[in-house]
**Q** 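For reference, the structure I am asking about is given below.
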Amino acid sequence: MQHRPLVQLLTRAESCYKSWSQQHNKTISLLLSLSNIIAQRNAAINNDNNNNSNAMAFIDMPRLIYKQSLVFENILSNLNTIVDDLESILFDLQRLETEAMKWIDKESSTMIKRIMEPAPPLSTETLIQVAAIQPHDVYQYITHVHYMLRKDFEYKQTWLDQLPEYSVRTEQWDDMIQQWDQQPHIQYPLLDEISERVKLYRQVYKVVTSTD
């Protein structure tokens, strides 16, 4: 049953996206934390410069700014770690592409032989084949997932390169975080289609094999 390992490949591609989505959500939390730290630091500096707050007289400003800088650097470090994790997911998808291509090669080598053979009688295998996902489709699905996540990765890298600039222009942080969160390259209908095809196969397989 070659369709079962093919479905497993798609399931692994789905898992890659779920991991990607989880890491993305973590980056949003980190970026919001960065925004808060920058706002606090700037507020402290402005209050100190204006000397308009009695409370500021009891605060060691150099120490406060130093501690905030440490938190800032720690968040940046965590953000870079997540970016490395995202890149690892891309490598996993690349490996899945390679595996899927091997199934296409295998399918091509046996196609002529199957054409020359008489049609098989109705059986459990032929019924399952109705819902099976063909090697070429599996490869296309995985390739599309890989491509859109790679484009999202490049999109995120572009924003990361601008972080030093946004740490000064704090009024634009909200806009930057919103742009980061949009993920314009993610094709949600494609992900839904993959999920539905995997679900259909599993349902058919369960029904057919339970009555076999």
**Q** Using every non-hydrogen atom in the two residues, find where W103 and P5 come nearest and quote the distance to one decimal.
**A**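 Heavy atoms only, the tightest pair is CZ2-CG, 3.5 Å.
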**Q** Using a 3.5 Å distance criterion without hydrogens, assess whether the side chain of N74 forms a donor-acceptor pair with backbone atoms of L70.
**A**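 Answer holds: no.
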**Q** Closest approach of L190 and V145, non-hydrogen atoms and distance?
**A**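 Closest pair (atom of L190, atom of V145, distance): CD2-N, 4.4 Å.
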**Q** For Y147, what are the other residues in its hydrophobic cluster, where any two members join if their side-chain heavy atoms are less than 4.5 angstrom apart?
**A**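 None; Y147 is a cluster of one.
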**Q** Do the non-hydrogen side-chain atoms of L30 and L76 ever get within less than 4.5 Å of each other?
**A**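 They are not in side-chain contact.
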**Q** Taking all non-hydrogen atoms of both residues into account, name the closest pair between I177 and I28 and its distance.
**A**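 Where I177 meets I28 most closely, the heavy atoms are O-CD1, 4.3 Å.
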**Q** Count the heavy atoms belonging to other residues, nucleotides or ligands that lie under 6.0 Å from NE2 of H136, then report whether that count exceeds 12.
**A**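 No, because the 6.0 Å sphere around NE2 of H136 holds 12 heavy atoms or fewer from other groups.
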**Q** Under a single-linkage rule joining Ile, Leu, Val, Met, Phe, Trp and Tyr whose side-chain heavy atoms are separated by less than 4.5 Å, which residues share a cluster with F91?
**A**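 F91 clusters with nothing; isolated.
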**Q** Would you find more than 12 non-hydrogen atoms of other residues, nucleotides or ligands less than 6.0 Å from Y66 atom OH?
**A**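 No, OH of Y66 has 12 or fewer neighbouring heavy atoms, counting only those of other groups under 6.0 Å.
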**Q** Among all residues two or more places apart in sequence or in another chain, which pass the ring pair (Phe, Tyr, Trp, His ring centres under 6.0 Å) test with H144?
**A**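 For H144 there are no ring pair (Phe, Tyr, Trp, His ring centres under 6.0 Å) partners, ignoring immediate neighbours.
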**Q** Partners of T27 by side-chain hydrogen bond (donor to acceptor under 3.5 Å, both in side chains), sequence neighbours excluded?
**A**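 Listed in chain order: W180.
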**Q** Rounded to the nearest 0.5 Å, what's the gap from CG on D84 to CD on Q23? Could you check?
**A**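 D84 atom CG to Q23 atom CD measures 10.5 Å (nearest 0.5 Å).
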**Q** Quick one: are M101 and E97 in side-chain contact, heavy atoms under 4.5 Å?
**A**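 They are not in side-chain contact.
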**Q** Can you measure from CD (Q203) to CD (E196) and round to the nearest 0.5 angstrom?
**A**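 So the gap between those two atoms works out to 8.0 Å.
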**Q** If I take atom CE from residue M148 and atom OG1 from residue T143, how far apart are they, to the nearest 0.5 angstrom?
**A**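 Here the interatomic distance stands at 12.0 Å.
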**Q** Quick one: does I89's side chain get under 4.5 Å of D85's, heavy atoms only?
**A**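 No, too far: nothing below the 4.5 Å cut-off.
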**Q** Let me see the working for L163 and M176 under side chain to side chain contact (heavy atoms under 4.5 Å, CB included), right down to the final yes or no.
**A** CA-CA 9 Å; L163 277 185; M176 190 276 285; 3.4 Å; yes
**Q** Is the side chain of S35 donor-acceptor paired with the backbone N or O of L31 at a distance under 3.5 Å, no angle test?
**A**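 Side chain of S35 to backbone of L31: no pair is present.
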**Q** Side-chain contact test, heavy atoms from C-beta onward, threshold under 4.5 Å: evaluate it for V138 versus I104 and give yes or no.
**A**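 Side-chain contact under 4.5 Å: no.
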**Q** Which one of I194, T98, D137, L10 satisfies the side chain to side chain contact (heavy atoms under 4.5 Å, CB included) criterion with I142?
**A**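 Per the side chain to side chain contact (heavy atoms under 4.5 Å, CB included) rule, the option paired with I142 is L10, out of I194, T98, D137, L10.
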**Q** Starting at CZ of R202, measure out to CZ of R197 and round the result to the nearest 0.5 Å.
**A**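 Here the rounded value is 14.0 Å.
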**Q** Taking L191's backbone N and O only, do any of them form a donor-acceptor pair with S195's side chain (distance below 3.5 Å, no angle check)?
**A**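 It does not hold such a pair.
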**Q** Kindly indicate whether the side chain of Q94, heavy atoms from C-beta on, has any atom under 4.5 Å from the side chain of H146.
**A**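 Heavy-atom side-chain distance check passes, below 4.5 Å.
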**Q** Which heavy-atom pair separates F153 from V83 by the least distance, and what is that distance?
**A**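 Answer, listing the atom of F153 first, then V83: CE1-O, 3.5 Å.
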**Q** Applying salt bridge (Lys or Arg N to Asp or Glu O under 4.0 Å), name anything that partners E99, two or more places apart in sequence or on another chain.
**A**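 E99 satisfies salt bridge (Lys or Arg N to Asp or Glu O under 4.0 Å) with R12 once adjacent residues are dropped.
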**Q** Say you draw a straight line from CG of L149 to CD of Q187; how long is it, rounded to the nearest 0.5 Å?
**A**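 Taking CG in L149 and CD in Q187, the distance rounds to 10.0 Å.
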**Q** Using atom types as modelled and distance alone, determine if a side-chain donor or acceptor of S33 lies under 3.5 Å from a backbone N or O of S29.
**A**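 Yes; judged by distance alone, with no hydrogens or angles, the pair exists.
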**Q** Are Y141 and E193 close enough that a side-chain donor and a side-chain acceptor fall under 3.5 Å?
**A**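 Yes, a side-chain donor-acceptor pair sits under 3.5 Å.
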**Q** So do the side chains of L90 and W20 get within less than 4.5 Å of each other, counting heavy atoms only?
**A**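 Contact flag for L90/W20 side chains = yes.
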**Q** What I want to check is whether the side chains of H24 and D181 have a donor and an acceptor closer together than 3.5 Å.
**A**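 Side-chain D/A pair, H24 to D181: present.
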**Q** Should L34 and I75 be marked as a side chain to side chain contact (heavy atoms under 4.5 Å, CB included) after you check the CA-CA gap, both sets of side-chain angles, and the distance that decides it?
**A** CA-CA 7 Å; L34 278 178; I75 294 174; 3.4 Å; yes
**Q** To the nearest 0.5 Å, tell me how far Q183 CD sits from D152 CG.
**A**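 Answer rounded to 0.5 Å: 4.5 Å.
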**Q** Of all heavy-atom pairs between L96 and A13, which one has the smallest distance, and what is that distance?
**A**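 Shortest heavy-atom separation between L96 and A13 comes out as CD1-N, 3.6 Å.
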**Q** Can a donor-acceptor pair be found, under 3.5 Å and without considering hydrogens, that links the side chain of S21 to the backbone of Y17?
**A**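 No, the answer is negative, given that no donor and acceptor are paired below the 3.5 Å cut-off.
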**Q** Using the test salt bridge (Lys or Arg N to Asp or Glu O under 4.0 Å), find all partners of D92 that sit at least two apart in sequence or belong to another chain.
**A**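 With sequence neighbours excluded, D92 shows a salt bridge (Lys or Arg N to Asp or Glu O under 4.0 Å) to R95, given in chain and number order.
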**Q** Looking at Q179, is its backbone amide N or carbonyl O close enough to the side chain of Y155 to form a donor-acceptor pair, meaning the two atoms are under 3.5 Å apart?
**A**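 Yes, because the side chain of Y155 sits within donor-acceptor range (under 3.5 Å) of the backbone of Q179.
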